[in-house]
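Computed over heavy atoms, backbone and side chain alike; hydrogens, waters and symmetry mates excluded.
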Amino acid sequence: MAKDMTLLWGSGSVPSWRVMIMLEEKQLQGYNQKLISLQKKEHKTQEVLDINPRGQLPAFKCGKHILNESYAACFFLENQYKSQGTKLIPDSPDAQALMYQRLFEAVPLYQKIVEIVLYNYRVPEGERHDSAVQRNKEGLTAELKLWEGYLNKTDCCLAGKEFTLADVVFFPSATFLFRLGLSSERYPALTKYYNSLKDRPSIKATWPPHWQTSPGSDMLKTI
């Protein structure tokens with residue numbers, strides 16, 4: 001099964017990591033994969049464009065099906081391999097509703113992280129506008145306060161005691177926050193969540209390689 005799958009991915013790419021965790025959870029190891037250098041702009045090469053015409057990562061092909069959006073890939077894999085590996089959509093209507101809610105609420109969180117990262121990356125420090133910096137900071141802070149509240153009410157995972165699709169898509173974003181210097185003291189519930197899942201086999205097996213050997217940044221230390 002996995003031999004019919006091809007994944008072109010980037011180290012530190014949150015969307016790529018979601019798909020890789022998903023493949024591990026569904027016991028689909030052995031797929032064709034290639035690490036693409038974002039720094040060298042290899043995601044704009046024809047090899048990637050042939051699968052993902054947007055020139056973004058991941059570029060994922062499952063048999064004849066192309067699923068480059070990480071959420072789409074995760075849903076597809078869960079539906080195609082329901083009886084294999086971890087069951088990631090709960091049967092209970094209560095848990096299922098909460099799982100879907102948190103799953104899609106992870107989208108604005110990641111967007112707000114990216115807004116700050118891209119602004120810092122694209123705009124030289126001397127040219128940044130205080131109003132834009134403050135607006136981005138306030139947006140992420142408000143979002144994180146919501147998640148602190150949510151996580152204070154859960155057992156260990158986003159939809160209860162069981163690891164679900166919501167955790168597959170949310171955990172990489174949570175880790176990215178700490179990679180960018182988010183204060184663990186300021187966000188204890190998020191820190192507890194991170195610590196409870198960081199050693200899960202699927203997560204350890206797919207941890208971004210360069211994150212293991214290079215330091216992060218302090219971009220979010222004041223958030």
Side-chain angles (χ1 to χ4, degrees), residues 1-81 84-85 88 103-124 127 136 140 165-177 179-180 202-214 216-217 219:
M1 292 178 290
K3 291 181 180 179
D4 292 331
M5 301 178 189
T6 297
L7 176 68
L8 307 181
W9 59 283
S11 181
S13 159
V14 166
S16 294
W17 196 8
R18 292 171 184 152
V19 178
M20 296 175 82
I21 292 173
M22 189 70 193
L23 288 164
E24 288 290 323
E25 291 289 341
K26 302 311 291 184
Q27 298 178 356
L28 292 166
Q29 298 91 346
Y31 53 91
N32 303 302
Q33 61 168 296
K34 184 176 181 180
L35 175 58
I36 301 296
S37 172
L38 294 164
Q39 289 72 28
K40 296 178 182 177
K41 299 190 182 301
E42 291 177 353
H43 53 298
K44 300 301 182 182
T45 61
Q46 195 60 47
E47 180 180 20
V48 174
L49 293 172
D50 284 343
I51 299 177
N52 190 341
R54 293 182 181 273
Q56 298 172 340
L57 299 176
F60 180 59
K61 191 172 183 180
C62 182
K64 65 180 181 180
H65 306 289
I66 291 177
L67 298 133
N68 297 318
E69 288 297 322
S70 59
Y71 274 54
C74 289
F75 272 108
F76 182 83
L77 291 169
E78 175 62 20
N79 286 323
Q80 291 299 306
Y81 302 98
Q84 183 168 317
L88 293 165
L103 176 82
F104 287 102
E105 277 192 281
V107 174
L109 171 65
Y110 182 60
Q111 288 174 336
K112 287 177 172 60
I113 300 170
V114 170
E115 284 170 4
I116 291 178
V117 171
L118 290 182
Y119 189 77
N120 284 16
Y121 177 73
R122 292 173 175 171
V123 183
E127 298 178 17
N136 288 340
L140 181 56
L165 269 177
D167 299 292
V168 171
V169 303
F170 178 78
F171 183 84
S173 294
T175 306
F176 193 30
L177 287 163
R179 171 81 181 171
L180 296 174
S202 65
I203 288 169
K204 288 185 71 174
T206 56
W207 201 273
H210 83 279
W211 285 10
Q212 299 181 39
T213 57
S214 64
S217 77
M219 192 181 299

| field | V168, L7, I203 screened by side chain to side chain contact (heavy atoms under 4.5 Å, CB included) with M20, the one that passes | value | L7
| note | Taken to the nearest 0.5 Å, the spacing of L77 CG from L67 CG works out to 7.5 Å
| query | Roughly how far apart are W17 CH2 and I21 CD1, rounded to 0.5 Å? | reply | 5.5 Å
| Side chain Q84, main chain Q27, donor-acceptor under 3.5 Å | yes
| task | Could you pull out the closest heavy-atom pair between S173 and R18, with the gap in Å? | result | OG-NH2, 3.7 Å
| query | If you take all heavy atoms of L57 and G10, which pair is closest and at what distance? | reply | CD1-N, 3.5 Å
| query | What closest approach, in Å, do N52 and P58 show between heavy atoms, and which atom pair accounts for it? | reply | ND2-O, 3.2 Å
| request: Output all residues satisfying side chain to side chain contact (heavy atoms under 4.5 Å, CB included) with A205, sequence neighbours left out; order by chain, then residue number. | output: E24
| query | Taking N32 for the side chain and D4 for the main chain, is one N or O donor matched with an acceptor at less than 3.5 Å? | reply | no
| Pairs involving residues 51-74, ordered by first then second residue, that meet salt bridge (charged side-chain N to carboxylate O under 4.0 Å, His left out) (sequence neighbours left out) | none
| request: Report the residues that fulfil side chain to side chain contact (heavy atoms under 4.5 Å, CB included) with L49, sequence neighbours left out, ordered by chain and then residue number. | output: Q46
| Side chains of L109 and E105: closer than 4.5 Å at any heavy-atom pair? | no
| note | Value for SG (C62) from CD (Q80), rounded to nearest 0.5 Å, stands at 7.0 Å
| task | Give every residue pair that meets the salt bridge (charged side-chain N to carboxylate O under 4.0 Å, His left out) criterion with at least one member in residues 35-53, sequence neighbours excluded. | result | K34-E47
| remark: Rounded to the nearest 0.5 Å, the OG atom of S16 sits from the CD atom of Q56 at a distance of 10.5 Å
| If you take all heavy atoms of A73 and V19, which pair is closest and at what distance? | CB-CG2, 4.0 Å
| field | Nearest heavy-atom neighbours spanning M5 and L23 | value | SD-CD2, 3.7 Å
| Out of curiosity, R122 CZ to E127 CD, how far, rounded to the nearest 0.5 Å? | 14.5 Å
| query | Who are the side chain to side chain contact (heavy atoms under 4.5 Å, CB included) partners of P209, not counting sequence neighbours? | reply | W9, S11
| Rounded to the nearest 0.5 Å, how far apart are CG of N120 and CG of L180? | 9.5 Å
| query | Are the side chain of N68 and the backbone N or O of I51 linked by a donor-acceptor pair below 3.5 Å? | reply | yes
| query | Side chains of Y110 and V169: does their closest heavy-atom pair fall under 4.5 Å? | reply | no
| field | ring pair (Phe, Tyr, Trp, His ring centres under 6.0 Å) contacts touching residues 45-79 (sequence neighbours left out) | value | H65-F76, Y71-F104
